Amino acid sequence: MADTKIKKRFVAGAKCPKCKAMDSIMLYKLNGVETVECTECDYTEQQADEQVANKATGNVIGVFKL
């Protein structure tokens with residue numbers, strides 16, 4: 001099985017909802033599941049594409065496909 005590199009991106013200006021650390025949130029997608037992870041604590045949140053689209057409100061500019 002080949003190693004697949006997961007593209008992780010930091011979210012500029014994002015604050016962790018658990019530890020409140022600024023600029024510590026990484027976003028990546030694995031098998032159709034979007035994952036948000038804090039580099040400072042053990043906070044993670046996962047949601048499928050449908051959940052991301054359903055949460056989009058007027059405050060979101062766009063939902064990007066990876």
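Counting from 1, the numbers follow the sequence of the chain as shown. For clarity, every value in this text was computed on a predicted model and none was experimentally measured.
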With sequence neighbours excluded, residues passing salt bridge (charged side-chain N to carboxylate O under 4.0 Å, His left out) with Lys15:
none

With sequence neighbours left out, write down each residue that passes side-chain contact (heavy atoms from CB on, under 4.5 Å) with Thr44, or none if nothing qualifies.
Glu37

Over all heavy atoms of both residues, which pair between Ile25 and Cys16 is shortest? Give the atoms and the distance, please.
CD1-CA, 3.8 Å

Search all heavy atoms of Lys29 against all heavy atoms of Ile6 and return the closest pair with its distance.
O-CG2, 4.1 Å

Test side-chain hydrogen bond (donor to acceptor under 3.5 Å, both in side chains) applied to Asp42 - qualifying residues, sequence neighbours left out:
Lys18

Applying the 4.5 Å side-chain criterion to the ILVMFWY set and letting contacts propagate, would Val36 and Met26 be lumped into a single cluster?
no

Measure across Gly13 and Asp23 and return the closest heavy-atom pair with its distance rounded to 0.1 Å.
N-OD1, 2.6 Å

Cys19 and Tyr43, any side-chain heavy atoms less than 4.5 Å apart
no

Is there a donor-acceptor contact under 3.5 Å from the side chain of Thr35 to the main chain of Gln46?
no

In Å, rounded to the nearest 0.5 Å, how long is the span from CD of Glu34 to CD of Glu45?
9.0 Å

